[in-house]
Amino acid sequence: MESITTTTKSERRWRSKPLQSSKPSLVMAFFSCLAWLYVAGRLWQDAENRTLLSSLLKMNSAQRPKVPTVEDKLADLGCKDLERRIVEAEMELTLAKSQGYLKNQLQHSGSSDRKLLAVIGVYTGFGSRLKRNMFRGSWMPRGDALKRLEERGVMIRFVIGRSANRGDSLDRHIDYENISTKDFLILEGHEEAEEELPKKAKFFFSTAAQNWDAEFYVKVDDNINLDLEGLIGILERRRGQDSAYIGCMKSGDVITEEGKQWYESEWWKFGDEKSYFRHAAGALLILSKNLAQYININSASLKTYAHDDISVGSWMMGLQATYIDDNRFCCSSIKQGELAPLLLF
């Protein structure tokens, strides 16, 4: 009986061990199952959320109005066709200018339809009324005498731009004076200022070439007295001469030190010798019709330097211009026995 009892206890102990070790496994399996169900549920929920968001985005994109592109706007407004027509018009205008058909040839009062001999532009400023009155009383005709000169084919105008403050008292005084004397060429697109003087040449020759059909265009400073009849005689003898660039031809050193008179800010462009190219002095220079038309057509791309005579000379360098050096335009260089000067400073 003892052996039976002993055997039974050992078997009981042997059988009880697997039962005790299986409980943690069951617990772990249970929690593993719960974790798997949780993860699966979250993944399923995320998948549903993504599907829902995707469908909402599609619905919103379908309902949201399309953002028009620049091309769409241009097409809607018809701007593409307008842009094309503008480009074509600009090309036609450039061609017309190059051929001498200037649509903006405004005939000023007293002018005739026939071709003029010369348009003479006398540079002036807002504070130079006394000088203008002095000129009107000396070499420059006024009133009926000015009209008779125009009938001879010579147009003379004081050349001035507009004030930086458009419409101010400076502009009004010039307008009032012009109503009385009718001897101004007002450059509406030019700002009258000392630093803008080189650009004034572009505006003068361009505007004069558009407004009057003349053989020659003459720029004169306001610090000289001019022998008008002597100038007319010179131009009469040169009628029909194309590409004429006439004046007192000179060169000279380029001033490189800032603050000095005649300082050239772009001095480095004139080479190691620092000397200007040959050009007509700015007191009086003359361009034939085709050269003035060249400036008119290309004014937007023409480079200006610190001085107006240098700027004009730089434009002539690239052309087949005929340089005519006339000492009568160099008052200080006249020698005994030579022709009388046309300029008296």
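Small disclaimer: the values here were computed from a predicted structure and weren't measured.
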Kindly confirm or rule out a cation-pi arrangement of K202 over F205, judged by NZ or CZ under 6.0 Å from the six-membered ring centre and within 45° of its axis?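 Checked: cation-pi criterion not met.
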Pair [X] + [Y]: basic N to acidic O under 4.0 Å:
X: E177; Y: R132; result: yes
X: E194; Y: K200; result: no
X: K199; Y: E196; result: yes
X: E215; Y: R239; result: yes
X: R328; Y: D227; result: no

Has the side chain of [X] got a donor or acceptor atom that lies under 3.5 Å from a matching backbone atom of [Y]?
X: S311; Y: H307; result: yes
X: E192; Y: G161; result: yes
X: T322; Y: A244; result: no
X: N296; Y: A292; result: no
X: S206; Y: F203; result: no

Kindly indicate whether the side chain of [X], heavy atoms from C-beta on, has any atom under 4.5 Å from the side chain of [Y].
X: Y123; Y: V220; result: no
X: L228; Y: I120; result: yes
X: L285; Y: F329; result: no

Supply the atom-to-atom distance [X] [atom1] to [Y] [atom2], rounded to the nearest 0.5 angstrom.
X: N133; Y: S138; atom1: CG; atom2: OG; answer: 10.5 Å
X: L291; Y: M316; atom1: CG; atom2: CE; answer: 5.0 Å
X: Y305; Y: H279; atom1: OH; atom2: NE2; answer: 12.5 Å
X: K289; Y: S243; atom1: NZ; atom2: OG; answer: 12.5 Å
X: Q241; Y: I286; atom1: CD; atom2: CD1; answer: 10.5 Å

M140 reachable from L130 in the ILVMFWY side-chain graph, under 4.5 Å edges: no
Cluster link I179 to I186, ILVMFWY, side chain under 4.5 Å: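 No; tracing contacts between hydrophobic side chains, which count when under 4.5 Å, never links both residues.
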Kindly give the heavy-atom pair with the smallest separation between [X] and [Y], and that separation in Å.
X: D222; Y: S128; answer: OD2-OG, 3.7 Å
X: A164; Y: E191; answer: CB-OE2, 3.5 Å
X: M155; Y: L116; answer: CE-CD1, 3.9 Å
X: R172; Y: G167; answer: NH1-O, 2.8 Å

Can you check side chain to side chain contact (heavy atoms under 4.5 Å, CB included) on L185 and N211, steps first, answer last? CA-CA 10 Å; L185 172 58; N211 290 351; 3.9 Å; yes
Check L226, D221, V122 against L284 for a side-chain contact (heavy atoms from CB on, under 4.5 Å) and give me the one that passes. L226
Would you please classify the geometry between the F135 ring and the W139 ring as parallel, tilted or perpendicular, with 30° and 60° separating the classes?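 Tilted: the ring planes of W139 and F135 meet at 30° to 60°.
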Pairs where residues 308-328 contributes a residue and the test ring pair (Phe, Tyr, Trp, His ring centres under 6.0 Å) is met, not counting sequence neighbours: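 Residue pairs with at least one partner in residues 308-328: Y245-Y323.
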Just grab all the ring pair (Phe, Tyr, Trp, His ring centres under 6.0 Å) pairs involving residues 156-180, residues at least two apart or on different chains. F158-F184
Can you tell me if S163 and D171 form a side-chain donor-acceptor pair at under 3.5 Å? no
Could you list the donor-acceptor pairs under 3.5 angstrom formed by side chains in residues 247-254, with sequence neighbours left out?
| unit_1 | atom_1 | unit_2 | atom_2 | d |
| --- | --- | --- | --- | --- |
| S251 | OG | S275 | OG | 3.4 |
| S251 | OG | Y276 | O | 2.4 |

Considering residues, nucleotides and ligands other than E195, do more than 12 of their heavy atoms fall under 6.0 Å from its CD?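 It does: E195 CD has more than 12 such atoms within range.
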Go through the steps for D308 and K219 under the test salt bridge (charged side-chain N to carboxylate O under 4.0 Å, His left out), then give the verdict. CA-CA 10 Å; D308 59 342; K219 176 257 176 177; 2.9 Å; yes
Passes side chain to side chain contact (heavy atoms under 4.5 Å, CB included), I232 versus V154? Steps please. CA-CA 8 Å; I232 293 174; V154 178; 3.9 Å; yes
